[in-house]
Amino acid sequence: MKVEDALADAMAAHVADVQAAPTLGGAVRRGHRAHVIRFRTAGAALVTAAVAVAAPLALNTAGPPPSRPAATAGQDRVVVASVTVPDVVGMDVAAAVKALSEAGLVVDDPETATAEGDVREQRPAAGTQVAEGERVMLTVEPPRTSLPQDLGDLGDGRTFGGVHLGYLPEGLQWSRWSGKNGFGEKSYTTSYAPGGDEKDGYGVQVVVFEGDAAKAVERRLGTFPRTEVNGEKAYLAHVTEGGTVTRDKDEGATLTIGWFLRDGLAVEVYVSPFYAGQVDAEAEIRKVAEGIKPAG
């Protein structure tokens with residue numbers, strides 16, 4: 001027997017009873033390299049490295065190398081806890097941040113987390129299953145600035161400036177503000193919104209013009225498209241913020257109707273572009289106008 005053959009037989013007998021651990025195959029990587037798993041949670045890359053294990057070398061040159069056990073699926077995965085995103089819409093920011101933190105989540109933008117106001121929108125949506133530590137994006141509505149109340153407590157807001165509103169579209173309530181002389185000397189105004197909350201804008205605004213202020217309405221009677229309110233000359237038009245009449249309703253122009261209740265006392269009613277998209281704006285503005293009478 002050759003020396004080489006004797007050496008091979010001896011080495012084969014030495015390793016014949018060696019068994020690889022059942023999980024060893026899953027850790028073996030080509031070239032003995034480390035296997036790295038990366039995943040993103042809360043915006044940071046967390047890294048877990050599997051220890052590289054060298055494959056045993058077959059020393060019996062007389063036969064094929066022993067077969068390797070198949071890698072067990074999932075052995076190199078990192079299991080991340082899953083949480084349910086809470087509903088924080090409508091909460092003030094501080095309460096929303098606390099609720100998210102208690103659920104194991106964080107606010108996407110640190111500046112948003114310290115802002116003032118209420119949460120108007122969140123992403124991911126409430127009820128979504130996400131990884132613990134996931135970032136949540138909040139859209140915050142700043143707190144409303146106090147509106148002026150120049151005319152004092154108007155009760156339900158339907159009587160002011162010498163006029164009374166007999167009709168408002170269903171669901172509209174007084175927005176609890178009023179202004180004086182913003183449309184010329186001796187002018188008065190207030191507005192009405194769905195539920196009384198102007199968060200999404202007003203629904204109907206009424207302006208009363210008295211004395212010199214009424215001359216603006218008189219000028220518009222001569223240039224705006226004509227109509228009637230309770231038999232009196234009036235105008236009805238879509239008007240831009242610059243005071244230009246337009247027939248294009250999609251330009252954000254405000255539907256406006258104006259007329260004189262009596263000499264020296266005129267009224268304009270506006271339907272906001274926001275609210276006009278929800279109702280039959282022309283029919284409603286006519287009803288509001290026809291229901292306005294001198295107070296007292």
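Numbers here are sequence positions counted from 1.
Smallest separation of non-hydrogen atoms from P124 and V130: CG-CG1, 4.1 Å. When all heavy atoms are compared, the tightest approach of V93 to A113 is CG1-O, 3.5 Å. What you find for T128 and A125 is that their closest heavy atoms are OG1-O, 2.8 Å. In terms of heavy-atom proximity, A237 sits nearest to V245 at CB-CG1, 3.9 Å. In terms of heavy atoms, L105 sits closest to P86 at CD1-CD, 3.9 Å.
Atom CG in L255 sits 4.0 Å away from atom CD1 in I285 (nearest 0.5 Å). Note that CG of L236 and OG1 of T256 are 8.5 Å apart. Values are rounded to the nearest 0.5 Å.
Side-chain contact annotation: Q205 with Y275, donor-acceptor N/O pair under 3.5 Å absent. Residues T139 and Q122 have side chains that never bring a donor and an acceptor to within less than 3.5 angstrom of each other. For the 3.5 Å distance criterion, the side chains of T84 and Q129 qualify, holding a donor opposite an acceptor. Judged purely by distance below 3.5 Å, without hydrogens or angles, the side chains of T190 and W174 pair a donor atom with an acceptor atom.
Within 6.0 Å of atom CZ in R120, more than 12 heavy atoms from other residues, nucleotides or ligands are found, so the atom counts as buried in its surroundings. Residue-environment remark: CD (E111) stays at or below the threshold of 12 foreign heavy atoms within 6.0 Å.
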Show the atom names and distances, to 0.1 Å, of all donor-acceptor pairs under 3.5 Å that link a side chain in residues 151-167 to residues at least two apart or in another chain.
| unit_1 | atom_1 | unit_2 | atom_2 | d |
| --- | --- | --- | --- | --- |
| D153 | OD1 | G155 | N | 3.0 |
| D156 | OD1 | R158 | N | 3.0 |
| T159 | OG1 | H164 | ND1 | 2.6 |
| Y167 | OH | E284 | OE1 | 2.6 |

Check: residues 221-231 side-chain donor-acceptor pairs under 3.5 Å, at least two apart:
| unit_1 | atom_1 | unit_2 | atom_2 | d |
| --- | --- | --- | --- | --- |
| R226 | NE | L221 | O | 2.8 |
| R226 | NH2 | L221 | O | 3.4 |
| T227 | OG1 | R286 | NH1 | 3.0 |
| T227 | OG1 | R286 | NH2 | 3.0 |
| N230 | ND2 | E290 | O | 3.2 |

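Neither F260 nor V269 shares a network with the other; the hydrophobic side chains, linked directly or stepwise wherever heavy atoms of I, L, V, M, F, W or Y lie under 4.5 Å apart, form separate groups for each. The hydrophobic clustering, which links ILVMFWY residues whose side-chain heavy atoms are closer than 4.5 Å, places V208 and L172 together.
Side chain of D87 to backbone of A126: no donor-acceptor contact under 3.5 angstrom is found. With hydrogens and angles ignored, the 3.5 Å screen pairs a side-chain donor or acceptor of S272 with a backbone N or O of Y202.
Evaluation of the side chain to side chain donor-acceptor pair (under 3.5 Å) test over residues 207-216, restricted to residues two or more places apart or in two chains, returns Y188-E210.
V217 has its side chain out of reach of W259: every pair of non-hydrogen atoms, C-beta onward, lies at least 4.5 Å apart.
Taking the six-membered ring where the residue is Trp, F183 and F209 present perpendicular rings, their angle passing 60° and hence far from 30°.
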